[in-house]
Amino acid sequence: MASRIVPVGGTIGIMGGGQLGRMMALAGRAMGLNAIVWDPQPIGPAHEVAGDAITAGFESEDALLRFSEGIDAATYEFENVTYETTARLARIKPVFPPPDLLYVSQNRLREKDRARQFGLATTTYRAVPSAQEARQVAADLGFPGILKTVSGGYDGKGQIAVNTMEEAGMGFQALHGSEPLIYEKKVAFIQEMSVVVARDQNGRIAIFPASENHHDQGILDWTVVPARVPDPIQQLALHQAAAMARGLGLVGVMALEFFVTAEGELLFNEMAPRPHNSGHWTIEGAWPSQFSQHMRAVAGWPVASPRLFGPCVMLNLLGDLFLEGLDKLTRVLEWPGVQLHWYGKTAMRKGRKVGHVTVLADSVTKAIQRARDVKVALGGAWHDGA
Ligand code: AMP
């Protein structure tokens, strides 16, 4: 296998052509790393900034060989990349995070099982193999609950709320394809929180401060840092993120999502072995950014202890706001401390992430207030709830 240290001027292969790949490629470029994108689609956010692109499905043998020839190391920007492809690629070129992490994260049961092995508390859950058992599992674990597909779900997709045994049976029929399902007891959380942790090839760990996350209809709406969560709970989350990173052999960046209950319990929900939407604030709000950390680790370079510059809010921009055009977009730049990120997506669709805004301010309250102003100026509604 080639050297695991990529020289400045080397090339990182990115599997997936979305906004995370774009921001990885941008961060890499700043440090002298080129990017080649491999994606089934011929155009996408990452293609605009990558030096080259391969358009093919992830099962293509020919594409795998061409991709591997042009790169020094590879990474992936989403979890729908075929695990087998990353494992085969890893025999030719270094792939980070190691494909094992992709394997774990592609399945909700696996990731919760692993989290428990490392001492993290999780929601109560159980596998649901049939409609009959869906009723039984729901009755055993209790209501309300949520049925989820074990893989492929994102932004709240592939999930159904369950309040009765009948709904459990119906939910199973509605969701069940070739996929097994998982039933989770619904958590009455008071806050959602995530932690982005980076680990380099020498095992050095660098953790960003925890992010407090607010969702709307299953999609991350906004994130604020520092999180308004009691410090001991934040410290526990950081400690657990480090334990997972070490235990799973992470190289690169990984995000862990947690629920915080009124009783002060911290419950692991899910993980992603890549930069995360709830870490986008690090581009302006910290040094280095999560993308920079990721590229450093993938290239075999050291990760750095992050510095937080001050309170900030990341506000997601969905296509819903721009169905009639982009004219109002530049309005947001009139406020101080506001930075726009636009992903260059061609179609504005409801529920589709098309950009985000970072707001830097002197206090959390002011950052939230300004983010609210931005959202309203763009014609959106502000949601305060968790
Ligand atoms: P997930 O895809 O698991 O991250 O779920 C998306 C969102 O649905 C989460 O961020 C929560 O807001 C909500 N959710 C998921 N699982 C649960 C649960 N067990 N209890 C309460 N809310 C949940």
**Whether Trp281 and Phe208 hold their rings parallel, tilted or perpendicular, with breakpoints at 30° and 60°** = perpendicular
**Message:** Please tell me whether Tyr103 and Arg110 have a donor and an acceptor in their side chains that are separated by less than 3.5 angstrom.
**Reply:** yes
**Asked** Does a donor on one side chain and an acceptor on the other come within less than 3.5 Å for His215 and Asp221?
**Response** no
**Request:** Would you tell me whether Thr358 and Glu284 have side-chain atoms, one donor and one acceptor, within less than 3.5 Å of each other?
**Result:** yes
**Request:** Verify whether one side chain among Gln19 and His341 offers a donor that lies under 3.5 Å from an acceptor in the other.
**Result:** no
**Message:** Using ring centroids (six-membered ring only for Trp), state whether Phe309 and Trp287 fall under 6.0 Å.
**Reply:** no
**Prompt:** Short question: side chain of Lys93, backbone of Ser68 - any donor-acceptor pair under 3.5 Å?
**Reply:** yes
**Request:** Ignoring hydrogens and angles, tell me if any N or O in the side chain of Arg108 forms a donor-acceptor pair with the backbone of Lys148 under 3.5 Å.
**Result:** no
**Prompt:** Would a distance-only check, ignoring hydrogens and angles, find a side-chain to backbone donor-acceptor pair under 3.5 Å from Thr82 to Thr85?
**Reply:** no
**Request:** For Glu212 and Ala227, indicate whether the former's side chain and the latter's backbone hold a donor-acceptor pair under 3.5 Å.
**Result:** no
**Fill in**
Tested for side-chain hydrogen bond (donor to acceptor under 3.5 Å, both in side chains) against Lys112, the lone hit among Glu184, Gln117, Glu270 is Glu184
**Request:** Classify the side-chain pair Tyr83/Asn107 by whether it contains a donor and acceptor separated by less than 3.5 Å.
**Result:** no
**Asked** Does atom CD1 of Ile43 have more than 12 heavy-atom neighbours from other groups under 6.0 Å away?
**Response** no
**Request:** Would you tell me whether Thr75 and His294 have side-chain atoms, one donor and one acceptor, within less than 3.5 Å of each other?
**Result:** yes
